[in-house]
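Here is the structure we will look at.
Convention: sequence-line order gives letters A, B, ...; per-chain numbering from 1. No hydrogens, no waters, no symmetry mates; every other heavy atom, side chains included, goes into these values. Treat the numbers as computed from the prediction; the structure is a model and nothing was measured.
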Amino acid sequence: MSVTLATWNVNSLNVRLPQVQQWLQANPVDVLGMQELKLPDERFPLDAVREQGYEAEVFGQATYNGVALLHRSQARDVVRNLPGYADAQSRVITATVATPLGDIRLINAYFVNGQAPGTDKFAYKNEWLTHLHAHVQAQMQAHAQVVLMGDFNITAEDADSWDPDGLRGTIHHTPEERQAFARLLELGLVDAFRQFPQPEKTFSWWDYRMLGFQKNRGLRIDYILISPALRPLLRRCWIDRAPRKWPKPSDHAPVLIELGQPDS
DNA sequence: ATGGCTACGTACCGTAGA
């Protein structure tokens with residue numbers, strides 16, 4: 001018995017629905033967190049995901065942002081965005097989902113990009129990260145089995161970048177961002193991907209330009225972090241590069257984890 | 001050379017992403 005969770009920045013569900021359907025057909029995960037839907041709630045393709053056996057908790061937005069959680073059964077206590085932080089951008093959806101391994105509190109987030117240090121957007125990123133930290137901390141105090149997943153728009157360490165020296169100090173590589181990531185780990189969360197030996201230069205995003213994917217000039221900016229109670233259940237974590245090779249791909253690849261009882 | 005591609009809006013380019 002196992003439970004599989006995945007996160008995927010689809011870069012417009014308007015455009016990417018066929019790829020998402022194809023991917024779910026081949027990867028019938030129990031939970032999928034999506035980011036950058038770029039559509040309002042009323043345009044969410046609920047019928048299509050139900051045909052594939054999922055229910056959806058949606059926090060959409062036209063043009064930019066927008067997140068959703070697909071799941072197999074019941075979701076409750078859904079929270080949209082960060083409590084106490086009036087944000088016009090739809091970036092976070094939190095819900096409790098029942099699984100064969102018990103309830104899991106899922107936080108699915110599209111972190112702020114931040115553009116460049118010194119910009120207003122970078123200031124917004126840091127402010128947003130502070131409020132995200134408070135939200136995650138509160139969820140961990142209230143729930144044992146917590147998952148924080150999504151597009152973090154941060155390289156946690158040099159190994160997560162194709163060019164850590166050349167890009168040092170630029171967006172996704174700044175000390176402020178990595179400090180914010182480290183502060184999430186200080187809550188007790190662990191980066192599922194780094195719990196296992198992994199090939200070097202394994203990334204989750206590649207620029208559409210410059211033959212980024214073909215040259216593997218990428219970043220690992222999509223993560224699944226799990227709470228201590230889930231750590232003994234973690235069996236594996238991997239990034240599925242396959243859909244990045246399909247026609248009209250998202251620039252991000254899905255990240256997955258498999259959870260199960262250690263003795264089964 | 002800091003571009004190169006893709007998505008969106010309402011456009012035939014500018015903004016944004018990362």
| query | If you measure only the distance, is there a donor-acceptor pair under 3.5 Å linking the side chains of A:Gln89 and A:Gln61? | reply | no

| request: Go through the steps to decide whether A:Asp160 and A:Arg178 satisfy the test salt bridge (Lys or Arg N to Asp or Glu O under 4.0 Å), and finish with yes or no. | output: CA-CA 11 Å; A:Asp160 300 315; A:Arg178 289 184 175 177; over 6 Å; no

| task | May I ask you to list the residues sharing a hydrophobic cluster with A:Ile171, side-chain cutoff 4.5 Å, ordered by chain and number? | result | A:Phe122

| Distance, rounded to the nearest Å, where A:Asn14 contributes CG and B:dG9 contributes P | 8 Å

| Whole-angstrom distance between B:dA1 and B:dA16, as gauged at atom P | 26 Å

| query | Is it true that A:Glu55 and A:Arg50 have a side-chain N and a carboxylate O under 4.0 angstrom from each other? | reply | yes

| said: Quick check: on DNA chain B, is the nucleotide nearest A:Leu13 upstream (toward 5') of the one nearest A:Asp251, or the reverse? Name the residue that is more 5'. | reply: A:Leu13

| message | Without decimals, in angstroms, what is the distance between A:Glu36 CD and B:dA7 P? | response | 11 Å

| Should A:His252 be listed as having a side-chain N or O under 4.0 Å from OP1 or OP2 of B:dA18? | yes

| Between A:Gln89 (CD) and B:dA16 (P), how many Å, whole number? | 10 Å

| field | Pairwise C1' distance, B:dT2 and B:dA18 [rounded to whole Å] | value | 14 Å

| note | Rounded to whole Å, the CZ-C1' distance (A:Arg217 to B:dT2) equals 13 Å

| query | Can you check the A:Tyr124 OH to B:dG17 C1' distance for me, whole Å? | reply | 14 Å

| request: In whole angstrom, give me the gap between the P atoms of B:dT6 and B:dA11. | output: 24 Å

| field | Sugar-phosphate, base or nothing in reach of A:Phe213, heavy atoms under 4.0 Å | value | nothing

| Do A:Trp23 and A:Trp246 pass the ring pair (Phe, Tyr, Trp, His ring centres under 6.0 Å) test, and can you show the C-alpha distance, the side-chain angles, and the key distance before you say yes or no? | CA-CA 10 Å; A:Trp23 189 80; A:Trp246 296 348; 8.3 Å; no

| query | Taking the six-membered ring for Trp, are A:His252 and A:Trp205 parallel (under 30°), tilted (30 to 60°) or perpendicular (over 60°)? | reply | tilted

| remark: Here the salt bridge (charged side-chain N to carboxylate O under 4.0 Å, His left out) pairs for residues 1-29 of chain A, sequence neighbours left out, are none

| Distance, rounded to the nearest Å, where A:Arg43 contributes CZ and B:dA7 contributes P | 14 Å

| request: Output yes when A:Asp87 and A:Arg80 qualify as a salt bridge under the 4.0 Å nitrogen-oxygen rule, no when they do not. | output: no

| query | Roughly how many Å is it from CZ in A:Arg91 to P in B:dG17, rounded to a whole number? | reply | 7 Å

| Which whole number of Å gives the distance between the P atom of B:dG3 and that of B:dT15? | 13 Å

| said: In this structure, how many angstroms lie between the P atom of B:dA18 and the CD1 atom of A:Ile171, rounded? | reply: 10 Å

| said: Could you tell me how far B:dG4 sits from B:dC13 if I compare only their P atoms? Round to whole Å. | reply: 15 Å

| Which of these nucleotides, B:dA18, B:dG17, B:dC8, is closest to any side-chain atom of A:Lys121? | B:dG17

| query | Within the structure, does a side-chain N or O atom of A:Asn65 lie under 4.0 Å from either OP1 or OP2 of B:dA16? | reply | no

Look for any protein N or O under 3.5 Å of an N or O in nucleotides 3-6 of chain B and output each such pair with its distance, or none.
none

| said: For a quick check of understanding: with a heavy-atom distance under 4.0 Å over all strands, which category does A:Leu219 fall into, base, sugar-phosphate or nothing? | reply: sugar-phosphate

| field | Distance between P atoms of B:dG14 and B:dT10 (Å, rounded) | value | 16 Å

| said: Just to be sure I understand the rule, does A:Gln115 reach a base, reach only the sugar-phosphate, or reach nothing, if contact means heavy atoms closer than 4.0 Å? | reply: nothing

| field | B:dC12 and B:dA7, which share atom name C1', separated by this distance in whole Å | value | 15 Å

